[in-house]
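Positions are given from 1 along the sequence.
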Amino acid sequence: MADDRVRVDVAGREVSLSNLDKVLYPAAGFTKGEVIDYYTRVAPVLLPHLYDRPLTRIRYPNGVNGQFFFEKNAPTSTPGWVRLARLPAPGSSKGRAMLDYVVADDLPTLVWLANLAALELHTPQWRVDRRGRAKPPDLMVIDLDPGAPAALPECFRVAVLLRDRLAADGIACYPKTSGKKGMQLSCPIAGRQSADVVSRYARRVAEELERAEPELVVSKMAKRLRPGKVFIDWSQNNAAKTTVAPYSLRAQPRPTVSAPLTWEEVEGAVAGRDGGARQLTAAEVLERIERYGDLLAPLLEPGPRVP
């Protein structure tokens, strides 16, 4: 069989690409070559959000309708120029099991990952230092997960409530879709408190909103409590958990993206304007970057301590 590999120069690194015509999103006819093109074009705004963060990848070698697998450890074929961070595996006893995480700090690494069909990129709320040691979290993330028949419009309502509640404590938050059914709010914080402190604060706020809006909000994990409500998942701030990165593709029938939004868009959707709430595709996100730049750039600067 003929070798379909193509060797390309990406910012001074040789990266081998293969199967560029392979369709990874069958319903949309979206190919691996288009996945690589998307990640290349979105890199200027994506890479700053990946910088110093160990990556968990979800790979779909046979497309979004095929089998997939989570990958934390670097594969054996990892090029020597890819930055790695050796960290304890989540849940390992006393940190004895160690993994070599990929840290995607540059375009060649991002293209290499896209060629591996690592469609989804997930990061923790903390970074590593240049010696590969974990630092305290510099983000607080609140995941809004709707229980059917609740959907994205209900998430938008809860997002506005959360924004106003967090602002009372001097904490700014920035919205993005999940690329699936819900959304997340990300808040820059000082990076000087433990994940446990941040989780406790996020839980306290979620419980407050549940008491204030019991027909709309649930803060408890039990799935039987979620139908028709929005679950405020404060537990995303556990140090062992990850959240889909801004601008990451998602494995849906269409190539949707975890897409930053403006608060004007969120408020407009709550008020029934702007065509309603929906998830956005890769092509739409690239157009929005031309218009807005990186709506999540404030996340790259330190924020306040949480109360």
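- Asp9 CG: more than 12 foreign heavy atoms inside a 6.0 Å radius.
- Remark: Lys220 pairs with Glu210 by the salt bridge (charged side-chain N to carboxylate O under 4.0 Å, His left out) rule, at least two apart or across chains.
- Residues satisfying the side-chain contact (heavy atoms from CB on, under 4.5 Å) criterion with Thr123, sequence neighbours excluded, are Leu50, Arg53, Leu55, Ala245.
- For Ser186, the side-chain hydrogen bond (donor to acceptor under 3.5 Å, both in side chains) test picks out no residue, with sequence neighbours left out.
- Looking at residues two or more places apart in sequence or on another chain, you find no salt bridge (charged side-chain N to carboxylate O under 4.0 Å, His left out) involving Arg13.
- With sequence neighbours excluded, the residues that form a side-chain hydrogen bond (donor to acceptor under 3.5 Å, both in side chains) with Arg163 are Glu267.
- Listed by chain and residue number, Thr31 satisfy the side-chain hydrogen bond (donor to acceptor under 3.5 Å, both in side chains) test with Glu34 (two or more places apart in sequence, or in another chain).
- Qualifying salt bridge (charged side-chain N to carboxylate O under 4.0 Å, His left out) partners for Asp169, counting only residues two or more places apart in sequence or in other chains: Arg165.
- Shown here are the ring pair (Phe, Tyr, Trp, His ring centres under 6.0 Å) partners of Phe68, two or more places apart in sequence or in another chain: Tyr60.
- Each salt bridge (charged side-chain N to carboxylate O under 4.0 Å, His left out) pair with one or both residues in residues 139-148, not counting sequence neighbours, appears once here: Asp145-Lys181, Asp145-Arg226.
- For residues 236-256, the pairs satisfying salt bridge (charged side-chain N to carboxylate O under 4.0 Å, His left out) are Glu120-Arg250, with sequence neighbours left out.
- Every pair passing ring-ring contact (aromatic ring centres under 6.0 Å, His included) that includes a residue from residues 19-49 is listed here, sequence neighbours excluded: Tyr25-Phe30.
- Qualifying side-chain hydrogen bond (donor to acceptor under 3.5 Å, both in side chains) partners for Thr243, counting only residues two or more places apart in sequence or in other chains: Gln125, Gln236.
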